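Okay, so here's the structure we're looking at.
Because the structure is predicted, anything quoted here is derived from the model rather than measured.
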Number of protein chains: 2
Amino acid sequence: MQVIRDAVAAMQEQGRLSHPEVSPAVEALVRDVIAQVADKWTMLILEALEEHGTLRFTQIGRIVGGISQKMLTKTVRQMECDGLITRKVHPVIPPHVDYTQTELGRELTAAFCGVWVWAETYYAQVEAARAAFKAREGR
Amino acid sequence: MQVIRDAVAAMQEQGRLSHPEVSPAVEALVRDVIAQVADKWTMLILEALEEHGTLRFTQIGRIVGGISQKMLTKTVRQMECDGLITRKVHPVIPPHVDYTQTELGRELTAAFCGVWVWAETYYAQVEAARAAFKAREGR
DNA sequence: TTCTATAGGCACCAAAAGGAGAGTGTCGGA
DNA sequence: TCCGACACTCTCCTTTTGGTGCCTATAGAA
């Protein structure tokens with residue numbers, strides 16, 4: 001993440017941002033936001049919430065699968081910080097915490113949906129391209 | 001990346017993939033493909049090619065900004081492998097290599113466009129959410 | 001003659017990501 | 001009475017990521 005910030009800073013200095021029509025500050029933020037949300041766990045968690053509605057901590061972990069507690073905690077914190085989800089703590093024992101998509105989160109899920117569709121549409125072509133590449137480079 | 005493959009394998013065993021209607025193998029591939037293409041440099045390079053058309057190695061580096069030669073090489077290789085771009089080597093000295101988006105790459109760029117638009121539309125809200133979060137957690 | 005541009009490869013090293021496992025506090029069940 | 005559930009946090013350790021600098025070949029410029 002720091003790398004991106006540095007890169008953006010360098011680009012601002014040198015005045016060669018790719019969208020000269022928008023302000024450099026906006027570009028920087030957009031890149032930063034994209035770098036955050038493009039995270040693989042973020043997308044998987046967002047999708048889990050989209051499909052199942054409000055979920056609890058361990059439910060998300062089970063649905064997403066293969067995520068460690070540490071990463072799950074870290075990712076949901078980041079998502080809460082970015083306003084993609086809300087975190088509701090019920091002060092009972094044992095603890096009970098609910099996670100829900102915000103409107104912002106739903107919009108992002110919808111936007112990212114195009115990439116899911118792309119992947120589902122073209123994964124076979126990607127596979128074929130990989131096989132062809134391997135064959136080319138192999139010999 | 002290996003993590004994802006492991007996670008997918010674990011999920012296949014336990015039969016709790018999020019899209020039961022599609023085959024587990026397809027799901028695995030889709031996740032794998034998304035994990036690859038959601039890479040930040042991939043997206044920036046794709047965007048550079050979308051805006052400027054065919055580019056040479058160092059041109060991409062300059063336009064993207066802040067990327068090391070090593071990462072640039074690695075990323076374009078991966079993209080070529082996945083069939084997102086074509087790499088044309090002109091056997092001259094000094095070397096001359098052209099990179100161009102394939103149809104697959106253009107489709108992905110278009111799909112990812114939604115996320116760019118989302119970021120440009122809502123970055124201010126994300127900023128606000130972050131500030132609010134910081135204020136909440138600060139005290 | 002020496003320098004530069006081009007598109008990398010290779011080796012070394014620092015930093016970050018991320019996994020495993022233990023600890024926490026309390027309540028309800030066996 | 002001891003265990004497990006929940007939603008974490010913390011520490012230790014390994015793996016991965018990514019940066020830097022040095023190397024290549026040769027044509028043309030200075």
Identify all pairs in which a protein N or O lies below 3.5 Å from an N or O of nucleotides 5-9 of chain D, and state each distance.
from, atom 1, to, atom 2, distance (Å)
dC6(D), O3', Arg56(A), NH2, 3.1
dC6(D), O3', Pro95(A), O, 3.0
dA7(D), OP1, Arg56(A), NE, 2.8
dA7(D), OP1, Arg56(A), NH2, 3.0
dA7(D), OP1, Val97(A), N, 3.2
dA7(D), OP2, Thr58(A), N, 3.4
dA7(D), OP2, Thr58(A), OG1, 3.1
dC8(D), OP1, Arg77(A), NH2, 2.8
dC8(D), OP1, Arg87(A), NH2, 2.6
dC8(D), OP2, Tyr99(A), OH, 2.5
dC8(D), N4, Gln69(A), OE1, 2.5
dC8(D), N4, Gln69(A), NE2, 3.4
dT9(D), OP1, Arg77(A), NH1, 3.2

Review point. By side chain to side chain contact (heavy atoms under 4.5 Å, CB included), which residues pair with Ala129(A), not counting sequence neighbours?
Key: none

Revision key, fill the gap. Taken in chain and number order and not counting sequence neighbours, the residues that satisfy side chain to side chain contact (heavy atoms under 4.5 Å, CB included) with Gln69(A) are Phe57(A)

Revision key, fill the gap. For Arg77(B), the side chain to side chain donor-acceptor pair (under 3.5 Å) test, sequence neighbours excluded, returns none

**Study point:** Pairs involving residues 83-105 of chain B, ordered by first then second residue, that meet salt bridge (charged side-chain N to carboxylate O under 4.0 Å, His left out) (sequence neighbours left out)
**Key:** Glu103(B)-Arg106(B)

Review point. Which pairs count as salt bridge (charged side-chain N to carboxylate O under 4.0 Å, His left out) when at least one residue sits in residues 64-75 of chain A, sequence neighbours excluded?
Key: none

Check your understanding: Atom CG of Leu72(A) and atom P of dA20(C): how far apart are they, to the nearest Å?
Key -> 14 Å

Point to revise | Terminal axis angle for the helix from dT1(C)-dA30(D) to dA30(C)-dT1(D), five pairs an end, nearest 10 degrees | key: 20°

Point to revise | Separation of dG8(C) P from Glu137(A) CD (nearest whole Å) | key: 12 Å

Review point. Separation of Leu55(B) atom CG from dT6(C) atom C1', in whole Å?
Key: 15 Å

Check your understanding: Do Thr100(A) and Thr54(A) have a side chain donor and acceptor closer than 3.5 Å?
Key -> yes

Check your understanding: Taking only residues two or more places apart in sequence or in another chain, which ones pass side chain to side chain contact (heavy atoms under 4.5 Å, CB included) with Thr109(A)?
Key -> Leu46(A), Glu50(A), Gln101(A)

Practice item. Measure the distance from CE on Met71(A) to P on dG21(C) and round it to the nearest whole Å. Key: 18 Å

Review point. Listed by chain and number, what are the side chain to side chain donor-acceptor pair (under 3.5 Å) partners of Glu80(A), not counting sequence neighbours?
Key: none

Exercise for review: Would you kindly give the NZ-to-P distance between Lys74(B) and dC10(C), to the nearest whole Å?
Suggested key: 15 Å

Point to revise | Interatomic distance, His90(B) NE2 vs dG8(C) P [rounded to whole Å] | key: 12 Å

